[in-house]
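Note: hydrogens, waters and symmetry copies are ignored here, and every other heavy atom, side chains too, is used.
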Amino acid sequence: LGEIDMFLDRVLIDINVENLAGWIQMNLQSKHFDYVFKGIGKRIGSEYGEDLKKWDHNLLIAPVSTPKEITMPQGYTLGPLLECHIDVITGQWARDTGITVKSNSPDSSLWYTVMTNVTQRPAFGIFTESDPGTPIAWIAIYPGGCVGMLHVLEQHQRRGLARILIRHTLKAIQDTHGMGCRAHTCAKKINTPSLNLFQSEGWELQPYCNKVMIFRSDLSEQ
């Protein structure tokens with residue numbers, strides 16, 4: 001617990017509420033989650049106090065049912081994301097957020113996040129048959145089983161590609177860890193399209209204050 005306190009003191013020196021979801025999701029499957037959550041609240045209490053409605057992200061928990069497969073639209077293929085795709089994904093993320101990123105630089109937290117998600121855990125992309133080496137849509141899994149990085153390039157939207165990625169990723173998690181592993185995702189409260197999409201897939205919307213945070217009983221002692 002002392003190490004957790006030191007970590008929280010270090011990362012919360014400069015309040016960055018947008019990244020609170022990232023700090024929280026790292027501990028979602030830890031028996032120390034409540035301690036971490038209370039520690040964050042204590043350190044930023046002067047601005048946010050205990051009013052959890054002011055937190056900017058919502059949590060959604062995946063259903064326990066097996067997702068049905070969707071036929072891939074003509075001209076597209078589904079495959080794994082590889083290290084050679086990191087720059088494409090990071091570049092698009094940077095353009096969407098206005099962040100300046102040094103390509104292939106471990107000094108860039110954004111590049112490093114994409115790199116670890118793509119190389120350390122299952123990550124999937126959708127490609128066009130005309131350019132099978134460049135992903136036009138993608139999804140990954142953060143530490144702790146948080147599904148994220150979901151994105152479809154604008155010119156390829158409204159074809160059901162995001163829905164295909166969500167279902168394929170959930171199926172991969174279930175195949176590996178069993179139906180008892182409740183995958184989850186975090187979405188900004190202002191991101192209505194993402195919230196609506198996941199809820200239409202049966203993902204349950206919950207505020208962070210919900211106590212159902214330990215999704216796998218076999219991890220409760222880790």
Side-chain angles (χ1 to χ4, degrees), residues 7 11 14 16 18-29 56-57 59-60 62 67 70 72-73 75-177 181 183-188 191 193-194 197-198:
F7 171 77
V11 300
D14 297 318
N16 185 345
E18 291 186 359
N19 285 332
L20 285 178
W23 298 329
I24 289 174
Q25 70 190 28
M26 295 290 289
N27 296 279
L28 280 176
Q29 298 194 36
D56 72 339
H57 280 69
L59 179 75
L60 299 101
I70 305 177
M72 182 69 66
Y76 294 96
T77 59
L78 176 68
L81 291 177
L82 305 173
E83 193 167 353
C84 60
H85 303 137
I86 295 174
D87 281 352
V88 172
I89 297 170
T90 304
Q92 184 62 48
W93 198 347
R95 286 189 292 273
D96 290 342
T97 57
I99 299 175
T100 301
V101 177
K102 296 179 180 178
S103 179
N104 295 315
S105 172
D107 296 330
S108 164
S109 60
L110 188 59
W111 184 90
Y112 186 79
T113 296
V114 175
M115 185 275 293
T116 54
N117 284 348
V118 168
T119 60
Q120 296 182 12
R121 289 170 293 279
F124 306 101
I126 293 179
F127 309 81
T128 61
E129 293 180 352
S130 59
D131 186 5
T134 304
I136 54 85
W138 49 81
I139 196 170
I141 304 172
Y142 286 86
C146 183
V147 175
M149 259 174 51
L150 177 62
H151 187 83
V152 180
L153 296 184
E154 185 175 1
Q155 60 269 35
H156 299 279
Q157 293 177 4
R158 301 190 180 281
R159 292 176 171 85
L161 302 182
R163 196 176 298 275
I164 290 174
L165 287 171
I166 292 172
R167 293 191 185 187
H168 186 79
T169 302
L170 179 56
K171 181 66 163 55
I173 293 173
Q174 292 173 343
D175 289 345
T176 302
H177 300 289
C181 182
H184 56 282
T185 191
C186 293
K188 285 190 174 183
N191 191 350
S194 182
L197 174 61
F198 276 96

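The closest side-chain heavy-atom distance from Ile70 to Arg163 is below 4.5 Å. In this structure, the side chains of Ile141 and Cys146 stay at 4.5 Å or more apart for every pair of heavy atoms. Pro122 has its side chain out of reach of Pro80: every pair of non-hydrogen atoms, C-beta onward, lies at least 4.5 Å apart. In this structure the side chain of Thr77 never reaches within 4.5 angstrom of the side chain of Ile126, judged on heavy atoms. Between Leu197 and Leu150, some side-chain heavy-atom pair lies under the 4.5 Å cut-off. Contact of the Met72 side chain with the Leu161 side chain is registered, since non-hydrogen atoms from C-beta on lie closer than 4.5 Å. The shortest distance between side-chain heavy atoms of Arg159 and Val152 does not fall below 4.5 Å.
What you find for Pro135 and Leu81 is that their closest heavy atoms are CB-CD2, 4.1 Å. In terms of heavy atoms, Leu170 sits closest to Ala183 at CD1-CB, 4.2 Å.
Proximity of a side-chain donor or acceptor of Thr116 to a complementary backbone N or O of Thr113 within less than 3.5 Å is detected. Judged by distance alone, the side chain of Arg167 and the main-chain N or O of Pro67 form no donor-acceptor pair under 3.5 Å. The backbone N or O of Leu153 lies less than 3.5 Å from no partner atom in the side chain of His156, so there is not a single donor-acceptor pair. Remark: the backbone N or O of Val118 is not paired with any side-chain donor or acceptor of Glu83 at under 3.5 angstrom.
Remark: aromatic rings of His184 and Phe198 are distant, center separation not under 6.0 Å.
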>> Between Asp131 and Thr134, is the side-chain hydrogen bond (donor to acceptor under 3.5 Å, both in side chains) condition met? List the steps.
In response: CA-CA 6 Å; Asp131 186 5; Thr134 304; 3.1 Å; yes
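Distance CE/Met149 to OG1/Thr185: 12.0 Å, rounded to 0.5 Å. In this structure, CD1 on Ile173 lies 11.0 Å from CZ on Arg121, to the nearest 0.5 angstrom. The line from CH2 of Trp138 to CH2 of Trp93 is 10.5 Å long, rounded to the nearest 0.5 Å. Note: Ile136 CD1 to Phe127 CZ = 9.0 Å, rounded to the nearest 0.5 Å. A distance of 9.5 Å separates CD of Glu154 from CG of Asp96, quoted to the nearest 0.5 Å. For the atom pair CE of Met115 and CD1 of Ile89, the computed distance is 13.0 Å after rounding to the nearest 0.5 Å.
Exactly one residue among Ile166, Leu60, Thr169 makes a side chain to side chain contact (heavy atoms under 4.5 Å, CB included) with Val147. That residue is Thr169.
In this model, no donor atom of one side chain and acceptor atom of the other lie less than 3.5 Å apart for Thr90 and Asp87.
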